[in-house]
Amino acid sequence: MDEDFGIPPADEMNEDMDLPDDSLSLKVGEEKEIGKQGLKKKLVKEGEGWDTPENGDEVEVHYTGTLLDGTQFDSSRDKGTPFKFTLGQGQVIKGWDEGIITMKKGENAIFTIPPELAYGASGSPPTIPANATLQFDVELLSWVSVKDICKDGGIFKKILSEGEKWENPKDSDEVFVKYEARLDDGTVVSKSDGVEFTVREGYFCPALSKAVKTMKKGEKVLLAVKPQYAFGEKGLPASGEAGAVPPNANLQITLELVSWKTVTEVTDDKKVLKKILKEGEGYERPSDGTLVKVKLIGKLQDGTVFIKKGHDEEELFEFKTDDEQVIDGLDRAVMTMKKGEVAQVIIAPEYAFGSSESQQELAVVPPNSTVYYEVELESFVKEKESWDMNTEEKIEAAGRKKEEGNALFKAGRYVRASKRYEKAAKYIEYDTSFGEEEKKQAKALKVTCNLNDAACKLKLKDYKQAQKLCTKVLDIESTNVKALYRRAQAYIQLADLELAELDIKKALEIDPNNRDVKLEYKVLKEKIKEYNKKDAKFYGNMFAKMSKLEQHVEANKTPEPMSIENQA
C-alpha cells in the first residue's frame, strides 16, 4: 500500500470514531451501514467461526482501493504482498479501523468510506481527490491477537503459539515457565530454560506474574513491557549472568507457560494448601461420610517421614471422611480430590496435631509442627444420595444421621453434630412421595433434627441460624415448647427482647410448670432491667448535656436592642 495511505497523527486516533455495531449481521450480497458517519459494508464472502479482531491486534489483509467511478488507485493483490497493520492505532484511515474490526477470518467485504473517514478535504494527491468517497475490496487473511492485559498500556501481549484448553493459572498456583528478556536494542538481560515460581510471589519482574495469569498451558507470547511493570525508575544492576536494566527501560519478553501445578486453598485462612501433582479423573469428589482408599506419606518440614501407608505392596489406607479418623486438614483436603489425583498437602498445626507432641507410626511429630502429606486418592465409595433412595431408605438414613449427631453432641463435637443433623433433615426434606405413615415418621425426624441442630447452633453462638431452625420447627408444630424455648434463647442473645418475651410467655401458657422456661424467663427479666438501666443512663446523660448547652447559650446571649431605645 502507498506510504501516504492513512497516516493520521496518533492523537486523532479513535477520538470520535463510532464503535462498530456488535449486532451487525450480513448475508452475502447484503449491504449495511456501520456506525453513524456513513461507512457502509457489503458482504462478498462469509468468514470462518465467530471471532473478530480487536483494537491492538495485528491484522493481515489483501485489498483493492477504487474511486466511485471505478478508478483503481492502490492494490496489495497487484503487489503480491498482503498488507499488515495494527488495528485502532491510527496507522490507517478511520474507515478501515471501523470496518475491519467487524470482519471474521477469511471474510471478503466491500467498504464504501465517506471522506470524513478517509482523506477528507485534502485528499491524497495525486491519486485521491479532495472530499472523495472511496471503495475498498478487503479480505481479512488473519490476525495476531495483541492484548493490553493491564488495560493501562503497560503490558501488551502478542500470542506466538496458542495454548491448550481454557484454564489459566491463579495467584496461588505454581507455574513452570521459559523466558527471555531483552532491551529495546536487543540486548538480552535475563533468560531461563525453565524456572518455577508461585504466581502471587512473581519472578524477575512484575510483568511475568501478570502475564501468566492470562495464559493457557503451552502458550507462548511476546510481551512489550513498560517500565512500571519492569524495573521502573531504579532499573536493575547486573548480577551473575543477568545483565543490567537501565532506569525507565522498556523490555521485550518472550514467555512460554510450560505447565503449572494447581494450588488450592482448602481452608479460608490458607492454613491447609493442596498442590496437585497429577490430575484426577472425572469431576466427582468425596463428600461427608465417604469411604476413601489412599496411598499417603506424611513428613515433617525437615523431611522426616512419620507415617507411610499403602506403599510397597501394603494395603491401601482406608478411612471415612468427616469422622475424625485422620487429622482435620487431611480430611478436608481429601474431600477436594478426584479419583486418581496425586497431591501434596501442606497443613498448619491448627489443622494437624496442634500444640501437643504426637507419636505417629514412624516418628514423633513435635508440638506446633506444619506437616506435609503426599496423597494419592485411589478410590472412594460415596454414601447413597437421597435422589437414589426410596422413601424407606431416606427415613432409615435420616435416623442413622440423627443418631450419629446425638453421639457427637454428647461428646461436645457441635460442628460435626450440626452437619449430621443437617444431612438427616435433607434426606426427608421433600416428602410428597411418602405414604401417610412415612410422613408421620419424617415429620417427627424433621422436628427432632432441627431442634437438635438449633441446640448445636446455640452452643456455637450462631444465634441467627438457631432462631431460623426453631422457626422451621414451629412452622410444623406451632406449640412445640422446646422450639419456643430455644428460639427465645437465641432472641435474647440477639437483643430482640420483646420477641423473646413473646416466645417465653407462649411456652409457659402451653407448659406452665416447665422449669427450664421459667429459669430463662428470669434471665430475660434481668436483661430487660439491665437494658432499661442503660437507657435511663443514656437519656439522663443526654438531657444533662442538653441542659448544660442551653445554660451556655443563655449566658452568651447578645443584649436585646430594647436596651438602646431606653437611652433617650
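What you see is a predicted model; the values in this text were computed from it and never measured. Note: hydrogens, waters and symmetry copies are ignored here, and every other heavy atom, side chains too, is used.
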Check whether more than 12 heavy atoms from other residues, nucleotides or ligands sit under 6.0 Å from atom [atom1] of [X], and answer yes or no.
X: Glu374; atom1: CD; result: no
X: Lys275; atom1: NZ; result: yes
X: Lys446; atom1: NZ; result: yes

Does a donor on one side chain and an acceptor on the other come within less than 3.5 Å for [X] and [Y]?
X: Tyr351; Y: Asp269; result: yes
X: Asn406; Y: Tyr421; result: yes
X: Ser358; Y: Gln360; result: yes

Inset, instruction - Considering non-hydrogen atoms only, spot the tightest contact between Met103 and Thr52 and give its length. - result: O-CG2, 3.2 Å
Inset, instruction - Among Asp503, Asp496, Asp475, find the one that has a salt bridge (Lys or Arg N to Asp or Glu O under 4.0 Å) with Arg487. - result: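 It is Asp503, the one option of Asp503, Asp496, Asp475 that forms the salt bridge (Lys or Arg N to Asp or Glu O under 4.0 Å) with Arg487.
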Legend entry - Check: Lys518 side chain, Leu508 main-chain N or O, donor-acceptor pair, under 3.5 Å: no
Legend entry - Check: Lys220 main-chain N/O paired with Ser161 side-chain donor or acceptor under 3.5 Å: no
Legend entry - Derivation of the side chain to side chain donor-acceptor pair (under 3.5 Å) call for Glu477 and Asn480: CA-CA 6 Å; Glu477 290 182 357; Asn480 189 296; 3.0 Å; yes
Inset, instruction - Using a strict 4.0 Å threshold on nitrogen-to-oxygen distance, state whether Lys157 and Asp148 make a salt bridge. - result: no
Legend entry - Residues which pass side chain to side chain donor-acceptor pair (under 3.5 Å) with Lys419, listed by chain and number, not counting sequence neighbours: Asp322
Inset, instruction - Look at the rings of Tyr179 and Tyr203 and say which category their plane angle falls in: under 30° parallel, 30 to 60° tilted, over 60° perpendicular. - result: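 Because their plane-to-plane angle is over 60°, the rings of Tyr179 and Tyr203 count as perpendicular.
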